[in-house]
Amino acid sequence: MKTIIGFLIFLLTFQTVTNSDKHVGKWTGEESGKIISLTLDKEGFATFEVEGQILGGKSSERKGTQVQMTYEIDSSQTPHFIDLIITEKSTGNEQARMLGIIEFININKMKFAIGNNPNIRPNDFSEKFLLLEMSSIQESD
């Protein structure tokens, strides 16, 4: 009996971890003929790539300053809230926060939206959103 209970606890824990990491990986979509990639890694860094231009991640430059971009997801909301946070590397001061929403269509597709004003979170996907597909999963270090 103890073995069965232990196995069930393991399965429930594994399912929780798997669901909480389903956003981790490289997601790719297209907007106005441009290929856009969003990488969300296990360490909490977010990186955008648009036609070879990279914004964010562990280190990039913004307005002559070295910055990094992290993300926070609130999965208790429907659709899930996602905040993309740009901070100055040397001071840790927040320079910008873009408020968005995500919704998983399935394990390999999600909707992603940030409003026209990045300081105002969209309520739904009725205005404009990117349909992103998982293009690669981040490997463990």
If I take atom CE from residue M110 and atom CD1 from residue I107, how far apart are they, to the nearest 0.5 angstrom? 12.5 Å
Cation-aromatic face contact K109/F104, 6.0 Å, 45 degrees: no
Is the shortest heavy-atom distance from the side chain of Q95 to the side chain of T65 under 4.5 Å? yes
Is Y71 reaching over with its side chain to a backbone N or O of T47, donor-acceptor style, under 3.5 angstrom? no
Test of understanding: clusters of I, L, V, M, F, W, Y form through side-chain heavy atoms closer than 4.5 Å, transitively. Do I82 and L55 belong to the same one? yes
Residues in side-chain hydrogen bond (donor to acceptor under 3.5 Å, both in side chains) contact with Q77, at least two apart in sequence or another chain: none
Residues passing the side-chain hydrogen bond (donor to acceptor under 3.5 Å, both in side chains) test with S32, sequence neighbours excluded, are none
State, yes or no, whether a side-chain contact exists between I54 and F48 at a heavy-atom distance under 4.5 Å. no
For N123, enumerate each residue passing the side-chain hydrogen bond (donor to acceptor under 3.5 Å, both in side chains) test, keeping only those at least two apart in sequence or located in another chain. none
Heavy atoms, side chains only, cut-off 4.5 Å: are Q66 and E61 in contact? yes
By side chain to side chain contact (heavy atoms under 4.5 Å, CB included), N119 pairs with (sequence neighbours left out) N117
Restricting to non-hydrogen atoms, name the atom on P122 and the atom on G100 that form the minimum distance, rounded to 0.1 Å. CD-CA, 4.1 Å
Not counting sequence neighbours, which residues clear side-chain hydrogen bond (donor to acceptor under 3.5 Å, both in side chains) with S75? List them please. none
If I compare all heavy atoms of M69 with all of G56, which pair ends up nearest, and what's the gap? CB-CA, 3.6 Å
Any residue meeting side chain to side chain contact (heavy atoms under 4.5 Å, CB included) with K34, in chain and number order, not counting sequence neighbours: V50, E51
List in chain and number order the residues that pass side chain to side chain contact (heavy atoms under 4.5 Å, CB included) with T28, two or more places apart in sequence or in another chain; answer none if no residue qualifies. K26, I35, S37, S135
Give the cluster check for F45 versus L40: same hydrophobic cluster or not, with ILVMFWY residues linked at side-chain heavy-atom distances below 4.5 Å. no
Side chains of F81 and E72 in contact at under 4.5 Å (non-hydrogen atoms): no
Validation row: I36, W27 side chains within 4.5 angstrom (heavy atoms): no
Residues 83-90 side chain polar contacts: donor-acceptor under 3.5 Å, at least two apart:
from, atom 1, to, atom 2, distance (Å)
D83, OD1, R121, NH1, 2.9
D83, OD1, R121, NH2, 2.8
D83, OD2, R97, NH1, 2.9
E88, OE2, S90, OG, 3.2
K89, NZ, K58, O, 3.3

Indicate if F112 and I73 have the same hydrophobic cluster label, given that clusters are the connected sets of ILVMFWY residues with side-chain heavy-atom separations under 4.5 angstrom. yes
What is the distance from atom CD1 of I120 to atom CE of M98, rounded to the nearest 0.5 Å? 15.0 Å
Could you go through residues 126-134 and list every donor-acceptor pair under 3.5 Å that involves a side-chain atom there, pairing it with any protein atom two or more places apart or in another chain?
from, atom 1, to, atom 2, distance (Å)
S126, OG, D124, OD1, 2.6
K128, NZ, E31, OE2, 3.4

